[in-house]
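Read the structure below first, then the notes.
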Amino acid sequence: MLTRKLLSACLGAGLVAALAVSASAADITGAGSTFVYPVLSKWSADYNKQTGDKLNYQSIGSGGGIAQIKAATVDFGASDKPLEPKELSDGGFGQFPVVVGGIVPVINVKGIKSGELKLSGKVLADIYLGNVTKWNDKAIADLNPGLKLPDSQIAVVHRSDGSGTSFNWTNYFSKVNDDWKTKVGEGTAVNWPVGIGGKGNEGVAAYVTRVKDSIGYVEYAYALQNKLPYVLVQNAAGKYPKPNAESFAAAAASAEWGKAQDFYLIMTNAPGDNAWPVTATTWAIMYKEPKDASRSKAAFAFFKWALENGQKEASALDYVPLPESLVKQIEDYWTASFKG
Amino acid sequence: MSEALASLPASGAGVKRRDGAAGDRIFYWIVLGCGLFVLVALLAAAISMAWGGLLAFRTFGFGFIYGTEWDPVAQKFAGLVPIYGTLVTSALAMIIGVPISLGIAVFVTEVAPRWLRGPIGGAIELLAGIPSIIYGMWGLFTFAPFMSDYVQPALIDWLGPLPVIGLLFTGAPLGIGMLTSGIVLAIMIIPYISSVMRDVFLVVPAQLKESAYALGSTRWEVVRDIVIPHTRTAVVGGIFLGLGRALGETMAVTFVLGNTHNIAISLMEPGNSIAAAIANEFTEADTDIYLSSLIALGFILFVVTFIVLAAAKLMLLRIARQKGE
């Protein structure tokens with residue numbers, strides 16, 4: 001074990017050295033959220049083909065991304081959890097959303113097909129609190145008249161690693177269930193009252209596939225890839241939209257971005273009729289007055305290209321492009337807040 | 001005299017000897033440096049972990065070791081759950097892994113036909129080369145389903161109703177948890193322990209064994225009374241090499257342990273281990289106290305490993321004294 005660790009450390013050091021050589025001064029550098037990594041790498045390849053500029057993004061996690069931008073070792077940090085406006089102004093940062101995605105509850109219950117089961121946010125949170133423990137609990141039965149529910153224990157699956165997915169999931173619970181808000185709260189990692197933890201989206205998907213009568217939550221793309229049956233969740237308007245690109249976009253459009261300072265707005269429980277209730281975004285965080293204005297400028301050029309031209313790639317990877325109204329607001333924010 | 005010597009061809013040998021002495025001094029400094037490197041690396045690792053965990057130890061005091069709370073939202077941390085999980089899964093791995101390793105080593109050195117020894121020895125060494133993430137994925141996708149479909153329901157039915165021991169085998173057959181982790185860990189450490197055992201069993205003098213056979217000993221008696229006593233120190237060393245690996249194993253355990261902050265008597269229940277908790281939570285540990293608590297856990301693992309190794313040394317010393325060696 002020790003030798004293997006040493007070996008991998010040596011290899012790692014070699015790789016870093018190789019990267020340092022290949023990364024020329026003009027490369028845009030970024031670090032942070034793993035959630036955006038697939039779309040950023042796709043964008044980066046296309047952008048490189050069109051302009052010759054390279055993006056070097058390291059998906060080390062949102063916490064790491066914030067730490068890196070604070071240390072000014074990268075041109076932008078990416079985080080699934082926005083920084084509060086005060087923290088932004090203290091550090092001289094600005095932030096803006098990059099891409100939208102949906103988080104969906106998935107189940108493995110014999111006899112219940114995808115989209116058949118309906119849950120309200122409150123009941124969903126009660127399941128994760130351990131207040132609702134059986135599939136035929138009255139709270140679930142009342143929402144699903146006519147659906148045959150088994151008399152079995154609910155096996156709850158959550159993320160074991162700190163994650164922006166968990167942050168949005170628990171943030172949603174805090175908005176719709178007071179019990180959750182006081183007992184557990186929101187965060188990239190929380191003290192889960194019940195359930196088992198899977199590592200990463202793939203870990204949760206694997207557990208839900210394997211464990212009978214289980215419920216978990218994954219990014220939409222993982223639910224599709226693993227063909228896991230999803231649950232419909234009642235949104236703030238009282239409707240049950242299907243989780244797909246349209247309902248994620250509806251959530252992004254109906255969120256009141258105009259009123260949010262520095263785009264400090266978490267999209268969960270968005271008000272629109274067709275809005276998927278657990279929609280998430282990732283923010284890019286950059287210095288307002290960067291030491292090296294030309295590097296920052298290159299990063300803005302990349303994000304402008306991505307927001308305006310990168311939408312098709314985002315859709316192909318099951319993300320949702322930002323609605324046009326939001327793109328306009330972001331570009332106004334750039335000119336108003338950032339130098340260079 | 002010296003002039004006379006200098007004119008002799010033998011003086012060449014003298015020069016050569018002086019060269020050898022210089023080379024020996026260089027060699028001495030090089031190996032001394034290598035030896036010191038281990039000590040420096042060990043000390044540096046210990047100090048940096050203690051330093052990193054200082055904030056957590058200061059904030060939570062001794063409660064960090066015996067408390068069970070782990071709440072990143074309220075910023076309250078205590079390490080008993082992962083410490084417990086680490087010790088239980090490692091103990092399970094040893095209980096399963098050591099007898100099997102012994103069996104493999106005895107078979108390869110004493111029982112197997114000569115043509116079979118090479119392939120089995122090679123297989124053991126290849127097993128050691130598989131990355132732990134592969135064991136983890138195999139555990140999650142292949143072994144956990146097998147456990148939950150066949151092994152665990154049987155254990156729950158047969159052993160669950162028994163008094164006391166039954167408590168270890170209650171609960172739902174999730175397929176993941178302490179028992180599955182222990183078995184996966186056992187498979188991972190078997191190559192280490194058995195290859196050490198095989199190597200030392202091979203160097204037991206043939207005369208000793210032949211004498212015992214000549215006196216009418218069975219194979220088992222030869223192993224028990226000649227081979228194992230003769231190689232005791234190395235065998236215990238090999239076992240603790242395996243234990244050290246089990247204690248620190250990260251990826252494989254992360255996938256099959258369930259990562260739940262929970263202490264349960266039943267081996268069917270999911271839990272958490274120190275290494276798994278660190279691997280899971282390090283990337284998103286967004287506050288100083290959170291990060292410090294994780295590093296403090298690392299320091300505790302370091303101390304636990306140190307205690308285990310020290311205990312092994314003491315045990316060996318005591319055996320040596322009893323035998324009057």
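Lettering follows sequence order; numbering is per chain, from 1.
- Summarising the geometry, atom CD belonging to B/Glu281 is positioned 12.0 Å from atom CZ belonging to A/Arg159; distances are rounded to the nearest 0.5 Å.
- For A/Tyr207, the part lying under 4.5 angstrom from a heavy atom of chain B is the side chain only.
- Residue contact with chain A, scored on non-hydrogen atoms closer than 4.5 Å, involves the side chain of B/Ile176 exclusively.
- By the side-chain contact (heavy atoms from CB on, under 4.5 Å) test, A/Lys199 is found to be paired with A/Ser160, A/Asp161, B/Met251, B/Thr254, B/Asn280, residues two or more places apart in sequence or in another chain being considered.
- Using a 4.5 Å cut-off between heavy atoms, B/Phe282 does not touch chain A at all.
- When heavy atoms are compared at a cutoff of 4.5 Å, B/Pro270 approaches chain A solely by way of its side chain, counted from C-beta outward.
- When the candidates B/Gly271, B/Ala277, B/Ala144, B/Gly258 are compared by the number of heavy-atom contacts under 4.5 Å with chain A, B/Gly258 comes out ahead.
- For A/Val190, the parts lying near chain B are the backbone and the side chain together; criterion is any non-hydrogen pair under 4.5 Å.
- Here the closest heavy-atom approach between residue B/Pro72 and residue A/Ala189 is recorded as CB-O, 3.2 Å.
- The neighbour count for B/Phe141 CZ, taken as heavy atoms of other residues, nucleotides or ligands under 6.0 Å away, is above 12.
- Within the 4.5 angstrom heavy-atom criterion, no atom of A/Ser214 approaches chain B.
- Crowding of A/Lys175 atom NZ: a count of heavy atoms from other residues, nucleotides or ligands under 6.0 Å exceeding 12.
- Applying the 6.0 Å contact sphere to CD1 of B/Ile133 captures more than 12 heavy atoms from other residues, nucleotides or ligands.
- Rounding to the nearest 0.5 Å places CZ of B/Phe77 at 9.5 Å from CG of A/Asn191.
- Counting heavy atoms from C-beta outward, A/Ile196 and B/Asn259 have side chains that stay 4.5 Å or more apart.
- Only the backbone of A/Val184 comes within contact range of chain B, with heavy atoms under 4.5 Å apart.
- Only the side chain of A/Thr188 comes within less than 4.5 Å of a heavy atom of chain B; its backbone N, CA, C and O stay farther away.
- Of the atoms belonging to A/Gln153, not a single heavy atom falls under 4.5 Å from chain B.
- Residue A/Ile66: no heavy atom, backbone or side chain, is found under 4.5 Å from chain B.
- Only the backbone of B/Ala279 has a heavy atom closer than 4.5 Å to any heavy atom of chain A.
- Of the inter-residue distances, the one linking B/Leu140 atom CG with A/Thr209 atom OG1 reads 9.0 Å to the nearest 0.5 angstrom.
- Per-residue counts of heavy-atom pairs under 4.5 Å with chain A were compared for B/Asp149, B/Leu241, B/Thr260, B/Leu257; the largest is that of B/Thr260.
- Around atom NZ of A/Lys134, more than 12 heavy atoms belonging to other residues, nucleotides or ligands sit under 6.0 Å away.
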